[in-house]
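Every chain is numbered from 1 and lettered A, B, ... according to where its sequence line falls, protein lines coming before strand lines.
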There are 2 protein chains.
Amino acid sequence: MATTTHPFRFDDGLSQRISETLQLLAATLAPQRRVVHAGETIYQAGEKFSHLYILNSGICKLLSQSADGREQVVGLKFRGDWLGFAAISQGHYVCDAVAMDTGEVWAMRYDSVMKACAAHPALMAVIHEAMSGEIMRDRDSMMSVCTLPADARVADFLRYWADSLAERGLRTDQITLRMTRAEIGNYLGITLETVSRALSKLERAALIHFTEKGRRDIAIPDVGGLEDFIQRCLGAPVSV
Amino acid sequence: MATTTHPFRFDDGLSQRISETLQLLAATLAPQRRVVHAGETIYQAGEKFSHLYILNSGICKLLSQSADGREQVVGLKFRGDWLGFAAISQGHYVCDAVAMDTGEVWAMRYDSVMKACAAHPALMAVIHEAMSGEIMRDRDSMMSVCTLPADARVADFLRYWADSLAERGLRTDQITLRMTRAEIGNYLGITLETVSRALSKLERAALIHFTEKGRRDIAIPDVGGLEDFIQRCLGAPVSV
DNA sequence: CGTCGCATTGAAGCCATTCAAGGTAGGTGG
DNA sequence: CCACCTACCTTGAATGGCTTCAATGCGACG
């Protein structure tokens, strides 16, 4: 199906759709642009809800905290993804949005968005699709966490990251994970040691390679290989 | 905080808001009503997306299936909840929606909804809130699955179910779980045996009681007790 | 050069799964 | 009405995967 020799796995036009969306927003809402650097906060849980955001570049994580203090990475956002949807129903932001590298976010007042939606059906469609996509993605996460063993979750995480980049036309032959092992583990519901072991195992299987000195930069020769690995994780305990 | 002697734990007006929403929909969209019985399908994965649905009564589950055949309960829906949001971004439904008891669903063509939204800002606000709420709820699930041990997940599941009923003004002194142990386990990422053991443990701790002959009907004397139980599950391995 | 944060790896222990054996309730048909 | 079947649930025992605990390594930074 996919042309595996091509450096980019998909090109279904998502990248172009994102550009069109950004143009539409620029034209109808005059968003306020802000450059963010790694570690900077875009909004914080508890703040009064006022703006929706869209990422024009960079990568960003969503951190949620339960009433009793448990912390959880509940989402990762890439170019074209919206931030702040969950706040609409609450009236205040319900998680922290933190930039993971340098990027640019566009801020739009929610009431302006609503008004613009009424006037521009295309804008409303775009927003509904974005919210719908977020719901889809959350379910994929649930599926991964609930049905996959630890090694496969890590493989699926890498696949997700690589696919997210590829869909946006970014290079995937060498990707930089902008999360610590502890954060990855938190996101996947496993410990940092298990993440580390899983990555080592994937490297031994030649499904990934660590580039550079540090072990944050990863090369994935063939994303399909990760999917095969996930299948093997599932198949082994059942059939054999 | 909560008046624990009262049979309904919350009355924040959600029930009334739902009624108002249903009235608004009835007035602006003339939805098509359909009575469903336990086991009947509202829509199926793969069908072309055309309608959004809202539950007027009854309870319903969402079943997702991955490309490689893994099945997963990805959501539970109660009165006032919408169905089909995830399909917007895909053009077709991505999971099966199955009624768990007798209820009534209202169907509305999505293109009609979009048109009505442009004309009625209140309707648009309602839909955005509903999608936002679904995103919130999905994150709560992630949090539960990723940070709680098995026993606590089951307790949290019961708490969620009871709260969902209470918010809607339904009685919670005696609730009927309309899922098998296997389905509950699937939803929580644990096995059916573990669910069974957890329920037995909660009964021994007098946090729940089985009523009737079968073990599907459960009485929860005090939902707050379940929250304390969850805290103890978390606290024990850490502090003591 | 020493410190600090992060990552890796080993060993031990535990929680959840797996495997297995009943038990219960409801439906069907003799 | 009872025997039987099926689906679901419960409980025990053993296994195993993941966590926990601990030690070491590595790179960045002052």
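Whole-Å rounding puts the B:Ile218 CD1 to D:dT10 C1' distance at 14 Å. One atom, NZ of B:Lys201, and another, P of D:dT10, lie 15 Å apart when rounded to the nearest Å. Protein atom CG of B:Leu192 is 15 Å distant from nucleotide atom P of C:dA16, rounded to whole Å. When the P atom of C:dA25 is taken as reference, atom CG of B:Asp217 falls 13 Å away, rounded to whole Å. Between A:Phe210 atom CZ and C:dA7 atom P the separation is 10 Å, expressed in whole Å. To the nearest angstrom, C1' of D:dT20 lies 16 Å from CG of B:Leu234. Remark: P of C:dT17 and CG of B:Asp151 are 11 Å apart, rounded to the nearest angstrom. Put simply, CD on B:Glu193 is 14 Å from C1' on C:dG22, counting in whole angstrom units.
With no hydrogens or angles considered, a side-chain donor-acceptor pair links B:Arg137 and B:Ser141 at under 3.5 Å. Side-chain atoms of A:Ser64 and B:Arg139 include no donor-acceptor pair closer than 3.5 Å.
The distance from the CG atom of A:Leu165 to the OG atom of A:Ser15 is 11.5 Å, given to the nearest 0.5 Å.
Comparing C:dT9, D:dC9, C:dT17 by their nearest atom to the side chain of A:Arg197 picks out C:dT9. Distance from the side chain of A:Ser200 is smallest to C:dT9 among D:dT10, C:dT9, D:dC18. Nearest to the side chain of A:Arg216, among C:dT17, C:dC6, D:dC9, sits C:dC6. Relative to the side chain of A:Thr191, the nucleotides C:dT17, D:dC18, D:dT19 differ in distance, and D:dT19 lies closest. Of the candidates C:dT17, D:dC8, C:dT8, the closest approach to any side-chain atom of A:Arg215 belongs to C:dT8.
Heavy atoms of A:Leu199 sit nowhere under 4.0 angstrom from any nucleic acid atom. Residue B:Arg153 is classed as having no contact, given no heavy-atom separation below 4.0 Å to the nucleic acid. When heavy atoms are screened at a 4.0 angstrom cut-off, B:Gly189 is found touching the sugar-phosphate backbone but no base atom. Counting non-hydrogen atoms under 4.0 angstrom, A:Thr180 reaches the backbone sugars and phosphates but no base.
Mapping A:Ala150 and B:Arg204 onto DNA chain D via the closest heavy atom, the residue that lands nearer the 5' end is B:Arg204.
Around the CD atom of A:Gln32, the shell of radius 6.0 Å holds no more than 12 heavy atoms that belong to other residues, nucleotides or ligands.
A:Leu234 approaches A:Pro149 most closely through the heavy-atom pair CD2-CD, 4.3 Å.
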